[in-house]
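Here the structure comes first, spelled out in structure tokens, and everything after it is commentary.
Position 1 is the first residue of the sequence, and the numbers go up from there.
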Amino acid sequence: MKLKFSIVALLLILSSQTSFISAQQQQNVGALGTEKPLFRQTGKNTGNACYVYKKYVVMTVSSDNTGEDIKIYKRKNLTDARKECVENDRTPYMMLKNSGESYFFGLTGDKFLTDSGTSAGVRGLGIVGLTAKKIIFSTPYQGSVKVAGSAIVYDKPSDTKGSLKNCPNEQRWTKEGGSVGWVRPTRINLTTLRETSAGQLKCVYVE
């Protein structure tokens, strides 16, 4: 009886310091198409977060400057997702230390994604294998990232330049002090980790 009361009291204390989002309100964490967590909890002051999925629990710990450490746990309590964010004194299944500017970018199957960078332009996309417990693929990208079935689609910066005739915003971007860059829609198979083209070159604004 005392143990049950202690757990309830602890949850009440945590609820005053964190914000909870119910299962009905869940959205993707990071990239489009990634799994929606069953439950999430975010520290109002720390920025630390806990995301509970069907098989895994992801906890992020913000660094002093930019980026965050990412801790992965296997689900222990399969009936009460909220308890997974309280019982966090066990050893993580794996941990990815912050490289200085890396963030959790979503879970998909037995892999999770990271996003890194300090600007809104070219950023870094990482794929982390939960079986291998390490980064198994990384690439620069610019724009959106979307998980589509067993693949990820993203715009990859290209050294090849397209025709300015196909870039209607070129003059406006130049007048605003920017320039034109080029990206190619790219698809990577999550099983083979093989990249293939997914479309024609597109122009993007470059500061």
Side-chain angles (χ1 to χ4, degrees), residues 14 18-43 46-62 67-88 90-99 101-117 123-156 185-196 198:
L14 286 173
T18 58
S19 59
F20 301 105
I21 301 179
S22 66
Q24 290 79 10
Q25 297 174 307
Q26 295 299 343
Q27 301 293 328
N28 296 101
V29 178
L32 295 173
T34 53
E35 296 180 27
K36 295 181 180 180
L38 302 174
F39 172 80
R40 74 173 73 184
Q41 171 184 304
T42 306
T46 63
N48 299 342
C50 173
Y51 308 103
V52 183
Y53 296 90
K54 292 180 180 179
K55 295 182 179 180
Y56 297 98
V57 179
V58 179
M59 293 188 179
T60 62
V61 181
S62 298
E68 57 194 14
D69 293 335
I70 303 171
K71 299 179 181 180
I72 308 294
Y73 300 83
K74 288 189 174 181
R75 280 285 300 270
K76 181 179 179 181
N77 191 314
L78 299 179
T79 58
D80 190 341
R82 180 173 294 196
K83 285 186 178 180
E84 293 288 344
C85 294
V86 177
E87 301 169 357
N88 59 358
R90 61 189 188 277
T91 302
Y93 170 72
M94 73 162 289
M95 179 175 178
L96 188 67
K97 293 287 290 183
N98 177 33
S99 61
E101 52 192 39
S102 182
Y103 300 87
F104 177 65
F105 206 43
L107 178 76
T108 176
D110 62 349
K111 300 175 179 66
F112 72 89
L113 311 181
T114 63
D115 171 59
S116 60
R123 299 186 62 80
L125 172 67
I127 301 176
V128 182
L130 288 170
T131 300
K133 296 185 179 181
K134 64 180 182 180
I135 297 175
I136 57 177
F137 180 84
S138 60
T139 181
Y141 81 94
Q142 185 169 357
S144 63
V145 175
K146 182 178 181 179
V147 177
S150 60
I152 299 177
V153 181
Y154 49 91
D155 289 336
K156 185 170 184 175
T186 303
R187 180 188 304 271
I188 181 170
N189 185 296
L190 286 171
T191 301
T192 63
L193 300 181
R194 180 170 175 264
E195 281 185 304
T196 56

Report the distance from atom [atom1] of [X] to atom [atom2] of [Y], rounding to the nearest 0.5 Å.
X: Lys156; Y: Thr139; atom1: NZ; atom2: OG1; value: 3.5 Å
X: Leu125; Y: Ile135; atom1: CG; atom2: CD1; value: 10.5 Å
X: Ile188; Y: Thr196; atom1: CD1; atom2: OG1; value: 9.0 Å
X: Ser138; Y: Ile127; atom1: OG; atom2: CD1; value: 9.0 Å
X: Lys55; Y: Arg75; atom1: NZ; atom2: CZ; value: 12.0 Å
X: Leu32; Y: Lys146; atom1: CG; atom2: NZ; value: 7.0 Å

Could you tell me whether the side chain of [Y] reaches within less than 4.5 Å of the side chain of [X], counting heavy atoms only?
X: Lys133; Y: Tyr93; result: yes
X: Ile72; Y: Pro92; result: no
X: Tyr53; Y: Thr34; result: no
X: Ser62; Y: Asn48; result: yes

Are Asn98 and Val61 close enough, and set up right, to give a side chain to side chain contact (heavy atoms under 4.5 Å, CB included), and what steps lead you there?
CA-CA 9 Å; Asn98 177 33; Val61 181; over 6 Å; no
Of the non-hydrogen atoms in [X] and [Y], which two are nearest, and what is the gap between them?
X: Ser102; Y: Ser116; answer: CA-CB, 4.0 Å
X: Met59; Y: Cys50; answer: CE-SG, 4.0 Å
X: Ile70; Y: Tyr103; answer: CD1-C, 4.1 Å
X: Ala132; Y: Ile136; answer: CB-CG2, 4.1 Å
X: Phe112; Y: Met94; answer: CE2-SD, 4.0 Å
X: Asn189; Y: Thr192; answer: OD1-N, 3.0 Å

Under 6.0 Å between ring centres, would you say that holds for Tyr51 and Phe104?
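Close enough - the centres of the two rings lie under 6.0 Å apart.
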Would you call Arg187 and Glu195 a salt bridge, using N to O less than 4.0 angstrom?
no
Identify whether the distance between the nearest side-chain nitrogen and carboxylate oxygen of Glu84 and Arg90 falls below 4.0 Å.
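Salt bridge present between Glu84 and Arg90.
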Side-chain donor-acceptor contact under 3.5 Å, Tyr141 with Asp115
yes
Please say whether more than 12 non-hydrogen atoms of neighbouring residues, nucleotides or ligands are located less than 6.0 Å from NZ in Lys71.
no
Enclosure of Arg194 CZ (heavy-atom neighbours >12, cutoff 6.0 Å):
no
For Tyr56, does the six-membered ring have the charged nitrogen or CZ of Lys74 within the cation-pi criterion, i.e. under 6.0 angstrom from the centroid and within 45° of the normal?
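No cation-pi geometry.
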For a side chain to side chain contact (heavy atoms under 4.5 Å, CB included) check, start with the C-alpha distance between Asp69 and Thr60, then their side-chain angles and the critical distance, and finish with the verdict.
CA-CA 6 Å; Asp69 293 335; Thr60 62; over 6 Å; no
Do side-chain atoms of Glu35 reach the backbone of Gly109 as a donor and acceptor pair under 3.5 angstrom?
yes
Given 3.5 Å as the limit, does a donor-acceptor pair link the side chain of Tyr73 with the main chain of Cys85, or not?
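Pair absent, no side-chain N/O of Tyr73 close to backbone of Cys85.
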For Lys111 and Leu130, what are the C-alpha separation, side-chain angles and deciding distance, and is it a side chain to side chain contact (heavy atoms under 4.5 Å, CB included)?
CA-CA 5 Å; Lys111 300 175 179 66; Leu130 288 170; 5.8 Å; no
Side chain to side chain contact (heavy atoms under 4.5 Å, CB included) between Leu113 and Val128: does it pass, once the steps are laid out?
CA-CA 6 Å; Leu113 311 181; Val128 182; over 6 Å; no
